[in-house]
Amino acid sequence: MRPFGYARVADADTAIATVREHPGGAFLAGGTTEVDLVRQNVLRPDLLVDINDLPLAGIEDRPDGGLRIGALARMSDVAEAAGVADRFPMLAQALLLGASAQLRNMASMGGNLCQRVRCGYFRDATSPCNKRDPGSGCAAIDGFHRGHAVLGTSDQCIAVHPSDAAVALVALDAMVRTRGPGGERSIAIDDFFLLPGDTPDRERALEHGELITAIEVPAVPVARRSVYVKVRDRASYEFALASVAAAIHVQDGAIADVRLALGGVATKPWRARAAERSLLGGPATPDAFAEAAGRELAAAVPRPLNAYKVELARRTIVRALTALAEDGR
Amino acid sequence: MGTDIKAPPVTGAGARTITLTVNGRERGLRVEPRVSLLDALREHLGLTGSKKGCDQGACGACTVWVDGRRVLACLTLAVTCQGREVTTIEGLGDGDDLHPMQAAFVAHDALQCGYCTPGQIMSAVALLREGHAADDAEIAEWMSGNLCRCAAYPNIRAAIREVRDAAGGA
């Protein structure tokens, strides 16, 4: 591992100012992705600013039914918080289906949103990779891309966004609260994550030295009955090949409210708006679910080794929605 | 913003003296910021019970507790543990007086080569404290961060069940 400086700070202003002053500086929270990638020379910070002493670990139920998750709250604590399991089961399930118990104890929620892709060509620190080394090319497009994305891709990058929790947060219309040199701001989570386009090295709408302070989840009554379904190569401790965060409310035989987001198949946590539009007002039947899934996946760009993901995602959507519809009868 | 910003307490990449509380004892050591907690324990403090399997957070062989929670020592920088309580497998028993989980691993032959065992045991004791050992499926799920290439999983689960049942709870 290359050498780097270290600063442990106790307040947000100092943390932000310190990273701002160092072009090669970065915040350090749980470190589960960052330390790994620094060790592999994929990330080369010259200074890590340890923010773990900042008072940002709270998890608050809001009186209006919303939830405020401090950026330094650990995945394990959020998953076990009563208000999360009761009101946002899709989020609790997504958290518990991610990583391992040890990693969930370490990983912060802000860091979860900032985790980097698992693409082997990005992580080997030598292959052409537009994300790691802009302009160098993408080794995955004509390489081993069995795990890569079919939605939101560009001819520059097809890496999948790895987070489970972020898929649920996208379905829930969460807001990302940040603080930076320009003060505080709120970013809709769907705008927080950027499509690769021509700039796959830019993954998030964050400036250098801008710190995530919290994730705010609004009240989403339909999410009380929601689910996160994750399909993967192993039963546990593995990233998704396809995953679905879903919530549905059926009234008088028609779908009155629905939330649907996909993981494991897209370059960012993927809100399935075309599928939601197709479902609203219609019947809660497997045929309608399959039709909606088809509309969302019509935009998919499959490649030789990941074409199976289109069908896998379609079936996972149908499975998640069918389970919710049957459970609601 | 607008508050007074203190001079950033930046330190360079060189070695500095830090104090870690390991198994209840304060230990001073000189490490660079890039030194992992795992290397600090093994190479600087001579505590070689925690094992280096993958060194990338995938295998669980380096599992220790920081402030009572199980974490991966390979992905933890030692400097970040200043002021925190670190517990390793060496802190679990007392010489030949084994922790019940260690004794259960012996009794159930819950290992073959033994390399993953310290991490398995640190995870297993934490698992019972977390309360996620109701049945074998739950034990398997919550122990999935500890790989055993010898596949001693059935015996590991048997050892965990025994300690769980002896303690009278899940």
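In what follows, chains carry the letters A, B, and so on, assigned in the order in which the sequence lines appear, proteins first and then strands, with residues in each chain numbered from 1.
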Is it the backbone or the side chain of [X] that comes under 4.5 Å from a heavy atom of chain B, or both, or neither?
| X | answer |
| --- | --- |
| A/Leu28 | side chain |
| A/Glu34 | neither |
| A/Arg2 | backbone |
| A/Asn105 | both |
| A/Glu80 | side chain |

Strictly by modelled atom types, are [X] and [Y] linked by a side-chain donor-acceptor pair under 3.5 Å?
| X | Y | result |
| --- | --- | --- |
| A/Glu184 | A/Thr213 | no |
| B/Thr87 | B/Asn23 | no |
| A/Thr178 | A/Glu210 | yes |
| A/Arg116 | A/Thr33 | no |

Do you know which of [options] has the most heavy-atom pairs with chain A at a distance under 4.5 angstrom?
| options | value |
| --- | --- |
| B/Ser123, B/Gly60, B/Ser144 | B/Ser144 |
| B/Leu77, B/Leu147, B/Val35 | B/Leu77 |
| B/Thr63, B/Val79, B/Leu75 | B/Leu75 |

Subject >> B/Trp65 six-ring face occupied by B/Arg84 cation (under 6.0 Å, within 45°) >> reply: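 Here B/Arg84 fails the 6.0 Å and 45° test against B/Trp65.
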
Subject >> Residue among A/Ala235, A/Gly5, A/Ala12, A/Ser100 with most heavy-atom pairs under 4.5 Å to chain B >> reply: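 Looking at each of A/Ala235, A/Gly5, A/Ala12, A/Ser100 in turn, A/Gly5 comes out on top.
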
Original post:
Can A/Arg123 and A/Asp36 be counted as an ion pair, charged N to O under 4.0 angstrom?
Top reply: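 The answer is yes: the pair qualifies as a salt bridge.
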
**OP:** Describe, in one word, how the ring planes of B/His132 and B/Trp142 are oriented to each other, choosing from parallel (under 30°), tilted (30 to 60°) and perpendicular (over 60°).
**Re:**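 Taking B/Trp142 first and then B/His132, their aromatic rings lie parallel (interplane angle under 30°).
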
